[in-house]
2 protein chains.
Amino acid sequence: MPDSNINELVNRFIAVQFSVTKKAESFIKEEISSDLTNDQHYTLRYIHNIGSCTSSDLAEEFEVNKSAITAIINRLFERGLIQRTRDEKDRRVVYLALTPKGKELFLKTEERIANLVESFISSFEQEEIEQFINTYEKLNQILIDKKQLEE
Amino acid sequence: MPDSNINELVNRFIAVQFSVTKKAESFIKEEISSDLTNDQHYTLRYIHNIGSCTSSDLAEEFEVNKSAITAIINRLFERGLIQRTRDEKDRRVVYLALTPKGKELFLKTEERIANLVESFISSFEQEEIEQFINTYEKLNQILIDKKQLEE
DNA sequence: ATCGAACAGTTCAACTGTTGAACTATTAAT
DNA sequence: ATTAATAGTTCAACAGTTGAACTGTTCGAT
């Protein structure tokens with residue numbers, strides 16, 4: 001790629017990534033804040049999609065310390081949205097899963113978010129948005145690979 | 001767009017947007033956390049790019065309450081990175097600008113971030129990344145329009 | 001078989017960022 | 001002139017985060 005353009009592309013990318021992220025977070029918050037914070041929703045989403053996981057899994061996925069996860073899980077646990085189950089074979093491990101109440105609340109908020117996202121992306125031609133998501137997923141893979149190189 | 005695909009696109013979009021954002025934030029933090037938090041950097045960036053602005057401008061741009069901006073600005077002010085100047089015509093208004101020290105620190109951290117972003121996007125063919133950023137900017141405009149409809 | 005290292009998770013203090021209400025100071029409106 | 005509105009700050013309360021210290025458990029090398 002010629003150097004003449006790459007700085008401009010980098011700056012455009014930084015600006016648009018920042019702006020879209022801020023606005024998307026703000027729309028999601030508007031939609032769900034009466035029920036959950038955004039981070040609480042993302043936590044429920046991860047556990048729901050994977051079925052059951054540990055604090056360490058979440059810490060790795062969200063790239064934060066385990067103690068940050070403990071704090072989030074404690075709040076969800078106190079509200080009866082998450083259950084903790086000790087592994088009987090390795091008693092250090094605690095499995096996290098959604099309670100029925102947690103699952104119900106998650107599905108409700110996730111549906112609102114999906115409707116929101118659909119209202120945005122349905123403005124595009126299917127081919128354009130598919131190409132966009134394909135490139136976005138490639139970028140994600142590049143980030144994952146770079147992360148693993150660090151370890 | 002046919003309904004059969006749109007749910008899948010929505011889910012892929014939600015997943016990849018979340019994952020890229022988390023990882024990007026984490027890389028940036030790794031790069032600059034010895035000097036600034038990410039939010040502090042974004043604050044300096046906005047003020048630097050626009051030259052001079054008010055707390056209210058920042059609150060609108062970042063979609064948070066003005067008191068959240070006061071807290072961030074206080075920390076940057078105490079470190080001598082930002083200066084406050086009262087408007088002599090309308091003495092309610094306070095203009096924020098970077099001090100030389102603030103500008104120097106900002107340029108240093110911004111360069112590190114630009115190098116990071118460049119290392120990611122230079123993996124792509126120029127045409128693909130340009131198309132990606134074009135669509136991303138369209139999406140940004142859709143979010144801006146939707147935001148304005150709410151007001 | 002034991003004992004020290006490694007691991008999973010928690011607790012705690014300290015910090016950043018956020019909200020929303022109450023407040024100060026100033027300007028605008030009628 | 002009095003009332004409204006505006007710009008910004010302060011404060012208490014909360015969510016999220018870090019990093020160190022801790023508990024309890026398992027693994028591994030001798």
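These numbers were taken from a predicted model, which means no experiment stands behind them. Numbered from 1 within each chain, the chains take letters A, B, ... in sequence-line order.
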**Report entry** Separation of A:E111 CD from A:L116 CG (nearest 0.5 Å)
**Finding:**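 Those atoms lie 12.0 Å apart.
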Requested in this report: May I ask you to establish whether B:K22 and B:F27 are in a cation-pi arrangement, using a distance under 6.0 Å from NZ or CZ to the six-membered ring centre and at most 45° from the ring axis?
Outcome: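 Geometry flag: not set, cation outside 6.0 Å or 45°.
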Report task. Enumerate the residues from residues 23-35 of chain A whose closest heavy atom to DNA chain C is under 4.0 Å, giving them by residue number; use none for an empty result. Result ->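 Contacts with DNA chain C under 4.0 Å: A:K29.
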Flag yes if [X] and [Y] sit in one hydrophobic cluster, no otherwise; membership is Ile, Leu, Val, Met, Phe, Trp, Tyr, and two members link when side-chain heavy atoms are under 4.5 Å apart.
X: B:F124; Y: A:V10; answer: yes
X: B:I6; Y: B:I142; answer: yes
X: A:I144; Y: B:I121; answer: no

Query raised in the report: In whole angstroms, how far is the C1' atom of C:dA8 from the CZ atom of A:R92?
Result: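 A:R92 atom CZ is separated from C:dA8 atom C1' by 6 Å.
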Query raised in the report: Are the aromatic rings of A:Y136 and B:Y136 close, with centres under 6.0 Å apart?
Result: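 Yes, the ring centres sit under 6.0 Å apart.
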Query raised in the report: So, is D:dA4 syn or anti if syn means the angle is within 90° of 0?
Result: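 It is syn.
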Report task. Show your reasoning for whether salt bridge (Lys or Arg N to Asp or Glu O under 4.0 Å) applies to B:E63 and A:K29. Result -> CA-CA 11 Å; B:E63 314 208 39; A:K29 183 175 177 184; over 6 Å; no
Query - Among B:T54, B:V94, B:V93, the one residue meeting side-chain contact (heavy atoms from CB on, under 4.5 Å) with B:D87 - result: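 Filter result, single survivor: B:V93.
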Report task. Could you point out which residue of B:L96, B:I73, B:I69 forms a side-chain contact (heavy atoms from CB on, under 4.5 Å) with B:T43? Result ->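 When side-chain contact (heavy atoms from CB on, under 4.5 Å) is applied between B:T43 and each of B:L96, B:I73, B:I69, only B:I73 qualifies.
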Query raised in the report: Is the number of heavy atoms from other residues, nucleotides or ligands within 6.0 Å of CD (B:E30) greater than 12?
Result: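 Atom CD in B:E30 is crowded, with more than 12 foreign heavy atoms closer than 6.0 Å.
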Query raised in the report: In residues 61-91 of chain A, what residues come within less than 4.0 Å of DNA chain D, judged by heavy atoms?
Result: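 Within this stretch, A:V64, A:N65, A:S67, A:A68, A:A71, A:I72, A:R75, A:K89, A:D90, A:R91 sit under 4.0 Å of the strand.
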Report task. Could you check which residues of residues 38-49 of chain B get a heavy atom under 4.0 Å from DNA chain D? Sort them by number, please. Result ->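 Residues of residues 38-49 of chain B that come under 4.0 Å of DNA chain D do not exist, since none gets that close.
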Requested in this report: Provide the Watson-Crick or G-U wobble partner of C:dT18, both distances under 3.5 Å; none if there is no partner.
Outcome: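 Answer to the pairing question: D:dA13, which forms a Watson-Crick or G-U pair with C:dT18.
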